Visitor: 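My structure is below; once you've seen it, I'll send some questions.
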Amino acid sequence: MSDIVLASGVEKMTDCSGDEATAALATAAEQEYEVFNGATFPGLYGMMANAHMHQYGTTRDMLSAVAVKNHHNGALNPVAQYPFEVSMEQVAGSVMVADPLRILDCSGITDGAAAVIVTSVDVAKKLGRPYVRILGSGVGTDTIALTQRSSFTSIPAAKLAAERALSMAGRKMEDIQFAEVHDCFTIAELMILETLGVYEPGEAGPATLAGETSLDGTFPVNSSGGLKSKGHAVGATGVAQAVEVYKQLTGRAEGDRQIPGHPRVGMCHNMGGSGASSVVHIMEVGS
Amino acid sequence: MTMFSSRAWREYPQRYRLEASKFKKSGKTYFPPRKVDPETGDTEREIVRLPDTGKLLTFTVIRIAPSQWGDLAPYAIGIAELTDGTRIMAQFTDCDVEEVKIGMDVRIEFRRVQEEGHHGVISYGYKFVPKWY
């Protein structure tokens, strides 16, 4: 076993055409019965968004509020891919990709890399740099096909992953003070927050509109700008989320995006496919 | 996706005839067919044909499509629950995408789904049409 390990992720997507990138990404979806019939990733999330709107009355404004908030945070992040603000009107007026999702509801095609150093608390103390402790980690899986899921309006794999991580950490969801979540599409952020139990089903949208998930809100979400604004370099996304949780916990978030009040416990949630798998980590500032 | 003829051939029973597997113990039907019931581990099954009507659970209209589907865009695609409770995802055809609504009655028809260039395999399968069609 090694004492000090570098965990990294890297992605290069801009050298291929949009078509090639879409086809490559779609291999994470069910090929034989969904992609074969014309499903795309925005299409699968569009189906989830339509189901969510139908069941809970989620609105265009609620989806737009996720993009506006994440772009606001990303504009403060010096390494964000799209470091600019967008308005509710710009999101609502952007081109439709897959109903009801518009281009500003979608994360982009991104190049990027991220790395963290994983070691024991003893070694971390010796190194003398600020560190965070991984309190718990969990993985959850589900069917690859959206058609076979028990729910189109939540991410059951994320629930499993969070339960396992919380159980390992010996914590409750109420102990978590902020999170980085996999907002590949605006609807995904709302569904994940409801699945993790931060909000009741149907209530993440109104809470986002009310500013509860903003940097100065009661439960800041995606302070980095998220996949939406910071970028979704697929192979690097999970590690990049851990980097943001580290920065927030150690008070090192640049550009005025530091969450106020010195949060001590944070969570990151990453997923694959249209929710076929999820990984959750819970971290606490080292002392 | 490259559609090798052997792979296409293996899918004929379900894509051409909507064949599904119904398990003895649970009475549950799976589409596409499974050899083992994931809930009970049961392997005793019969091949049944899915009903061809159902209700739309959710859908989307794909307006920006990969080039393979480009000439069909905008097209609607959705998930329906059929009258026996099984679910299936399919593309809509022969209807105005603005007519597609959650809860609408749909019927499944046999159609050409895609082809790979001028010399590739032509893949047939099923598509949704409004039930009244």
Side-chain angles (χ1 to χ4, degrees), chain A residues 16-56 58 94-103 105-106 141-153 185 187 274, chain B residues 1-3 7-8 10-11 14-15 18 20 28 30-34 38-39 56-70 72-82 86-93 97-98 100-103 108 111 113-114 116 123-128:
Chain A
C16 63
S17 69
D19 251 14
E20 286 172 312
T22 305
L25 290 170
T27 57
E30 204 282 335
Q31 289 280 319
E32 305 275 356
Y33 292 86
E34 296 194 343
V35 176
F36 170 80
N37 282 309
T40 59
F41 256 106
L44 293 169
Y45 279 93
M47 289 183 218
M48 294 190 240
N50 265 338
H52 202 275
M53 289 169 133
H54 184 78
Q55 189 164 347
Y56 300 114
T58 302
S94 64
V95 65
M96 188 73 91
V97 177
D99 298 29
L101 301 178
R102 294 170 182 273
I103 192 78
D105 288 301
C106 309
T141 61
D142 203 341
T143 62
I144 296 176
L146 178 64
T147 312
Q148 313 294 342
R149 287 288 157 76
S150 58
S151 165
F152 301 148
T153 55
F185 298 92
I187 184 64
S274 54
Chain B
M1 178 175 66
T2 306
M3 185 52 65
R7 181 194 272 174
R10 279 197 295 274
E11 305 291 339
Q14 36 280 23
R15 288 202 182 131
L18 295 177
K28 238 186 133 174
Y30 290 95
F31 182 85
R34 286 175 175 272
E39 279 170 22
L56 192 63
L57 296 176
T58 190
F59 75 100
T60 185
V61 177
I62 295 183
R63 303 193 187 254
I64 297 181
S67 56
Q68 177 189 6
W69 304 98
L72 288 174
Y75 60 87
I77 178 169
I79 300 170
E81 186 167 288
L82 303 179
T86 53
R87 290 174 180 177
I88 189 166
M89 182 185 289
Q91 198 176 121
F92 277 80
T93 189
V97 294
E98 306 303 331
V100 178
K101 298 273 182 288
I102 289 177
I108 295 171
R111 295 294 174 114
V113 176
Q114 55 167 282
E116 265 199 352
S123 296
Y124 294 87
Y126 45 82
K127 287 195 181 185
F128 290 146

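Each chain gets a letter, A, B and so on, in the order the sequences are listed, and its residues count up from 1. Every heavy atom of this structure was used, including side-chain atoms; hydrogens, water molecules and symmetry mates were not. Please read these numbers as outputs of a predicted model, since none were measured by experiment.
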Visitor: Checking heavy atoms, do the side chain of A:Phe152, its backbone, both or neither come under 4.5 Å from chain B?
Guide: side chain

Visitor: What option among B:Val61, B:Ile79, B:Leu57, B:Ile64 has the most heavy-atom pairs under 4.5 Å with chain A?
Guide: B:Val61

Visitor: Non-hydrogen atoms of chain B under 4.5 Å away: do they reach the side chain of A:Ala23, the backbone, both or neither?
Guide: neither

Visitor: Considering only heavy atoms from C-beta outward, does the side chain of A:Met47 approach that of A:Leu146 to under 4.5 Å?
Guide: yes

Visitor: Given that the side chain runs from C-beta out, which part of A:Thr147 has a heavy atom under 4.5 Å from chain B: side chain, backbone, both or neither?
Guide: both

Visitor: Can a donor-acceptor pair be found between the side chains of A:His52 and A:Thr58 at a distance below 3.5 Å?
Guide: yes

Visitor: Could B:Arg15 and A:Glu32 be called an ion pair, given the rule that one side-chain N must be under 4.0 Å from one carboxylate O?
Guide: yes

Visitor: Under 6.0 Å between the ring centres of A:Phe41 and A:Phe185?
Guide: no

Visitor: Find the one option among B:Gly125, B:Pro32, B:Ala90 whose heavy-atom pairs under 4.5 Å with chain A are most numerous.
Guide: B:Pro32

Visitor: Does A:Ile144 have more than 12 heavy atoms from other residues, nucleotides or ligands lying within 6.0 Å of its CD1?
Guide: no

Visitor: Could you tell me whether the side chains of B:Gln14 and A:Tyr33 share a donor-acceptor contact shorter than 3.5 Å?
Guide: yes

Visitor: Based on non-hydrogen pairs under 4.5 Å, which of A:Met48, A:Glu34, A:Glu30 is most in contact with chain B?
Guide: A:Glu34

Visitor: Below 4.5 Å from any heavy atom of chain B, which atoms of A:Arg102 appear? Answer side chain, backbone, both or neither.
Guide: neither

Visitor: Considering only heavy atoms, which portion of A:Leu44 lies under 4.5 Å from any heavy atom of chain B: side chain, backbone, both, or neither?
Guide: side chain

Visitor: Are side-chain heavy atoms of B:Phe92 and B:Val97 found at a separation under 4.5 Å?
Guide: no

Visitor: Using non-hydrogen atoms only, which part of B:Leu72 is less than 4.5 Å away from chain A: side chain, backbone, both, or neither?
Guide: neither

Visitor: Is B:Tyr126 close to chain A through its backbone or its side chain, or both, or neither, when contacts mean heavy atoms under 4.5 Å?
Guide: both

